[in-house]
A.B. asks: 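For reference, the structure I am asking about is given below.
Convention: sequence-line order gives letters A, B, ...; per-chain numbering from 1. The analysis underlying the following values was restricted to heavy atoms, covering all of them including side chains, and did not include hydrogens, waters or symmetry mates.
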Amino acid sequence: MASLARLRSRLPLTKSGRFAPFVRSLQTSADSTQLTQSIPEDGSTPFSVKLHEDSFRAYHTETPSLEVEVTKDSLLKMYKEMVTMRRMEQSADALYKSKLIRGFCHLAIGQEAVAVGLESSITKDDMVITAYRCHPFAVLRGGTVTGVLGELLGRQVGMSNGKGGSMHIFTPNFFGGNGIVGAQVPIGAGIAFAQKYLERPTATFALYGDGASNQGQVFEAFNMAKLWNLPCVFVCENNKYGMGTSAERSSSNTEYFTRGDKIPGIQANGMDIIASAQAVKYARDWAVSGKGPLLLEFVTYRYGGHSMSDPGTTYRTREEVQRMRSTQDPIRGLQRYIEEWGVATDADLKASSDAFPPYLLLALDKAAKEEIDKAVEEAKASPVPKTEDLWTDIYYKGTEPSAMRGRERGEVHVY
Amino acid sequence: MTTHSIAPAVRAVRRLSPLTFSFGARRWESTGAEPPPAGGHLPSIATSKILRGTREAALRTPGIKWLDEGGSSPLQNTIGGRETRKMNVYQAVRDAMGITLSKDDTAIVFGEDVAFGGVFRCTMGLAEEFGRERVFNTPLSEQGIAGFGIGVASMGQTAIAEIQFSDYIFPAFDQLVNEAAKFRYRSGGQFNVGGLTVRTPTMSVGHGGLYHSQSPEGFFMGASGLKIVIPRSPIQAKGLLLASIRDPNPVIFMEPKILYRSAIEQVPIDDFELPLGRAEIVVPGADLTLLTWGTPIFHCETALSLLSEPPASLASVVPESARGARVELIDLRTILPWDIETVVESVKRTGRLVIVHEASRTAGVGAEIAAEIQSKAFLKLHAPVRRVTSWDTPVGLQYEKFIIPDAIRVLDGILETLAF
């Protein structure tokens with residue numbers, strides 16, 4: 001089959017037999033947004049920037065506006081969040097390699113603009129559910145780095161009390177990661193139904209990957225959401241590989257934003273944080289205004305392997321990874337905006353002895369590193385779950401069977 | 001139904017080579033049995049003494065808990081003034097959902113064709129009464145239905161999903177086992193889907209064949225976090241379904257489909273619950289424990305009648321000494337988590353256990369119960385735990401009555417266990 005995939009042309013043939021792309025491809029550079037007006041002094045005053053004209057593609061709808069209003073404060077906040085998320089994932093990588101984190105662990109290094117862009121454009125009352133690459137969402141949705149790392153380490157301080165692990169982290173408006181590929185998507189449709197039924201003007205964002213997009217239940221969820229006009233945004237994080245299989249080898253249609261049949265779709269540059277945030281804003285407005293579901297595909301990239309046991313270099317070249325890191329990194333892209341547009345405020349500059357804008361970013365980097373280092377220590381210091389927690393939260397307290405078996409012969413927990 | 005099921009089973013036994021299936025000698029002697037007279041003397045579902053056909057008997061259902069209007073008022077335990085109505089199982093199920101929809105604004109009922117009343121009429125008129133935004137049809141997508149219901153329940157709503165036949169629950173197996181059962185645990189108690197109840201018709205109907213006569217309860221036995229409930233009668237269906245809907249854990253409620261119309265009782269019209277996780281001793285006894293759930297309870301009742309008063313055609317295979325045996329008949333009702341205490345206590349008294357279920361034997365629920373009983377009551381057992389179950393074959397259309405255990409096979413199991 002692999003040879004079949006290789007044989008298949010990625011580009012359609014025209015009548016004359018020559019290759020010709022039938023659509024313009026999406027721009028995935030992280031730093032193609034242009035400043036269109038002079039930048040205001042005040043950190044909270046909005047100013048306009050213009051996204052690259054190929055930042056979005058649309059299916060059965062209009063593309064989001066390329067004119068975006070941002071503020072200095074929002075850009076710096078996004079920078080801080082992206083850097084913190086990357087640091088957190090890097091620390092998880094180190095903890096895994098030092099054998100403190102065991103089991104399965106999927107890192108989102110390279111995909112920060114999706115999680116941070118999503119969170120920057122939704123409210124606390126919107127709901128998010130995603131798959132196993134869930135750590136940044138858990139923190140941004142109201143969790144803590146300590147809570148996430150503690151969960152990865154399997155400690156009491158973990159957000160699921162150390163019993164869930166990497167894929168099972170929840171907050172009140174974040175319905176968790178999920179280890180079953182695609183299983184979270186119909187659940188997201190159900191959450192969106194409840195929002196509509198309870199007459200809450202909010203949206204659910206159900207995320208999945210390009211690999212999961214071929215699961216049957218994803219299409220079942222699409223159908224129900226469109227049939228019942230649910231305020232659900234199906235977000236496909238297309239990082240181009242479902243584990244080790246590239247999108248082209250797994251999907252007959254790799255235009256994931258077009259796979260909702262009657263559900264309109266948007267494809268967005270998931271490496272440019274401003275484009276990501278704009279796409280989410282558009283999607284949220286769409287769902288909340290009663291237009292029903294929408295597909296939102298982020299074209300993004302993961303630098304690491306699928307999980308910690310995958311070096312990530314057997315199915316793609318090191319050069320490819322290196323090229324993405326050096327040319328399309330979302331954090332470096334935003335850094336360039338901040339530097340070129342003069343986003344650092346006077347106050348920021350005054351606070352530094354060195355009146356050179358990158359100093360501010362270095363300070364943010366340093367603050368993120370300190371935050372993560374502190375969280376790592378807190379998480380490591382937390383004890384493993386109590387023995388009796390082995391039996392808690394299986395059934396609702398008081399409705400469980402009178403006793404349940406434990407780990408060893410003769411070990412029975414009596415409720 | 002049971003009266004008619006004996007003859008084909010016996011005939012089928014005669015046709016098959018003894019090498020194919022090994023029976024005790026008694027079975028072979030019984031092959032000459034004539035079918036009992038039409039409408040004969042054996043109890044059937046229509047004449048079952050297990051069913052509560054009077055108001056007084058219905059109101060005295062053991063374990064009944066009344067949940068009257070006005071949650072603040074103390075529970076009324078009096079039964080005076082309460083009314084009952086004659087209902088079959090589908091009407092009782094419909095009644096329970098009607099009570100839920102009228103008392104709980106967050107409750108929704110959904111599934112394939114439920115807005116039209118459902119293929120077994122369990123949701124007749126609910127859409128008209130409570131609105132199509134609360135009682136609605138879904139696409140034919142079981143995995144999606146389960147996932148959708150889990151999502152709705154995770155938001156705190158009461159979600160009552162129907163899987164049209166329990167044979168169709170397998171596409172939803174992942175959602176039920178990996179999501180519904182584990183939601184509370186894996187979120188550290190932050191989320192749960194306790195509001196989810198999945199109703200599904202189960203067990204054989206006599207001619208359902210491969211995809212309409214299965215009993216999949218055993219597949220869920222390892223899914224701690226789920227509850228599995230199977231009622232035997234209209235009163236049980238209403239009380240257990242209301243308890244299942246309100247139980248703060250996800251429940252799979254399997255309704256024996258042959259009983260939808262055939263089992264009829266006087267059912268209290270008020271809101272009441274019957275306890276989950278509790279088996280019921282339906283017929284007390286001291287010599288042997290006969291444990292079952294759902295449809296086979298009526299085959300068991302017939303078997304007990306055959307045991308105490310065998311018809312002439314069976315008299316030669318039922319020893320006089322066995323006829324006076326007092327058999328304790330237990331309805332397990334909740335399959336997961338099952339009532340170990342009641343069953344163990346019973347077996348410790350009787351020393352003998354026969355488990356009857358419609359699912360096939362290998363790794364069926366009976367296997368788990370047998371293993372638990374031998375570990376908890378080993379020194380009290382006078383005979384090996386006996387399982388009377390379907391064969392380990394698919395439920396073939398023409399052989400259905402042969403595959404599903406009937407009263408004769410239950411009787412055979414009782415006799416062998418008594419004589420061990």
Side-chain angles (χ1 to χ4, degrees), chain A residues 127 129 151 158-165 167-172 175-180 182-198 200 204 206 215-225 227-228 389 392-404, chain B residues 105-106 108 110 133-134 136-157 159 161 171-172 174-175 177-194 196 224-227 247-250 276-277 334 336-341:
Chain A
M127 301 296 171
I129 184 167
E151 194 56 43
M159 286 160 70
S160 295
N161 308 331
K163 297 196 297 184
M167 294 174 263
H168 310 283
I169 314 179
F170 295 70
T171 74
F175 287 64
N178 196 302
I180 304 297
Q184 73 282 7
V185 182
I187 297 176
I191 296 167
F193 175 91
Q195 288 175 317
K196 186 174 176 175
Y197 186 92
L198 301 170
R200 296 181 190 160
T204 297
Q215 281 278 352
Q217 59 182 328
V218 171
F219 292 94
E220 295 184 29
F222 288 174
N223 180 50
M224 286 189 283
L227 189 66
W228 300 325
D389 278 345
T392 54
D393 297 325
I394 301 173
Y395 290 98
Y396 180 72
K397 204 174 166 62
T399 67
E400 58 270 279
S402 55
M404 228 182 235
Chain B
D105 288 341
T106 75
I108 57 169
F110 54 95
E133 59 292 338
R134 297 185 67 196
F136 52 91
N137 293 333
T138 63
L140 306 183
S141 44
E142 286 76 15
Q143 191 174 19
I145 291 169
F148 172 80
I150 289 164
V152 173
S154 72
M155 289 283 283
Q157 280 192 241
D174 167 62
Q175 284 288 348
V177 172
N178 273 325
E179 308 303 326
K182 300 174 177 53
F183 223 100
R184 188 189 305 278
Y185 193 90
R186 69 189 200 86
S187 67
Q190 289 185 75
F191 282 93
N192 71 84
V193 292
L196 176 70
S224 291
L226 281 183
K227 292 191 175 181
D247 189 86
N249 304 286
L276 301 190
T334 299
L336 181 74
W338 63 285
D339 186 354
I340 297 178
E341 288 82 359

A.B. asks: Where does A/I394 contact chain B at under 4.5 Å (heavy atoms): side chain, backbone, both or neither?
C.D. replies: both
A.B. asks: Heavy atoms only, distances under 4.5 angstrom: which of A/P186, A/A403, A/G188 has the most pairs with chain B? Name it, please.
C.D. replies: A/P186
A.B. asks: Do you know which of A/A183, A/A225, A/G162 has the most heavy-atom pairs with chain B at a distance under 4.5 angstrom?
C.D. replies: A/A183
A.B. asks: Checking the side chain of B/Q157 only, and the main-chain atoms of B/T106 only, is there a donor and an acceptor separated by less than 3.5 Å?
C.D. replies: yes
A.B. asks: Quick one about B/Q175 and A/Q217 (side-chain donor to acceptor, distance below 3.5 Å, no hydrogens or angles considered), yes or no?
C.D. replies: yes
A.B. asks: Between B/E179 and B/R186 (salt bridge meaning N to carboxylate O under 4.0 Å), is one present in this structure?
C.D. replies: yes
A.B. asks: Step by step, would you call B/F136 with A/F193 a ring-ring contact (aromatic ring centres under 6.0 Å, His included)?
C.D. replies: CA-CA 12 Å; B/F136 52 91; A/F193 175 91; 5.3 Å; yes
A.B. asks: Can you tell which part of A/M127 gets under 4.5 Å to a heavy atom of chain B, answering side chain, backbone, both or neither?
C.D. replies: side chain
A.B. asks: For A/W228, is there any backbone N or O sitting under 3.5 Å from a side-chain donor or acceptor partner on A/K196?
C.D. replies: yes
A.B. asks: Which region of B/Q143, side chain (C-beta onward) or backbone (N, CA, C, O), has a non-hydrogen atom less than 4.5 Å from a non-hydrogen atom of chain A, or is it both or neither?
C.D. replies: both
A.B. asks: Can you tell which part of A/T204 gets under 4.5 Å to a heavy atom of chain B, answering side chain, backbone, both or neither?
C.D. replies: neither
A.B. asks: Between A/A221 and chain B, with a heavy-atom cut-off of 4.5 Å, which part of the residue counts as in contact: side chain, backbone, both or neither?
C.D. replies: neither
A.B. asks: Where on B/E341 is there a heavy atom nearer than 4.5 Å to chain A: the side chain, the backbone, both, or neither?
C.D. replies: side chain
A.B. asks: What part of A/E151 lies closer than 4.5 angstrom to a heavy atom of chain B: side chain, backbone, both or neither?
C.D. replies: neither
A.B. asks: Using ring pair (Phe, Tyr, Trp, His ring centres under 6.0 Å) as the criterion, list what pairs up with A/F170, not counting sequence neighbours.
C.D. replies: B/F183, B/F191
A.B. asks: Among side-chain atoms of A/T392 and A/K397, is any donor-acceptor pair under 3.5 angstrom?
C.D. replies: no
A.B. asks: Less than 4.5 Å to any heavy atom of chain A: does that hold for the side chain of B/T334, its backbone, both, or neither?
C.D. replies: neither
A.B. asks: Going by atom types only, do B/R134 and A/Y197 share a side-chain donor-acceptor pair under 3.5 Å?
C.D. replies: yes
A.B. asks: In terms of heavy-atom pairs under 4.5 Å with chain A, which of B/N192, B/D105, B/L226 leads?
C.D. replies: B/L226
A.B. asks: Checking heavy atoms, do the side chain of B/I340, its backbone, both or neither come under 4.5 Å from chain A?
C.D. replies: neither
A.B. asks: Would you confirm whether A/S160, through its side chain, and A/H168, through its main-chain N or O, come within 3.5 Å as a donor-acceptor pair?
C.D. replies: yes
A.B. asks: Among B/A159, B/S187, B/P139, B/S224, which residue has the highest count of heavy-atom pairs closer than 4.5 Å to chain A?
C.D. replies: B/S187
A.B. asks: Is A/D389 paired with A/K163 through a side-chain N to carboxylate O contact shorter than 4.0 Å?
C.D. replies: no
A.B. asks: Most heavy-atom pairs under 4.5 angstrom with chain A, which of B/D174, B/V193, B/L336, B/L276?
C.D. replies: B/D174
A.B. asks: Please classify the contact between A/N178 and chain B as side chain, backbone, both or neither, with a heavy-atom cut-off of under 4.5 Å.
C.D. replies: both
A.B. asks: Quick one: which of B/D247, B/I145, B/T138 has the most heavy-atom pairs under 4.5 Å with chain A, could you say?
C.D. replies: B/T138
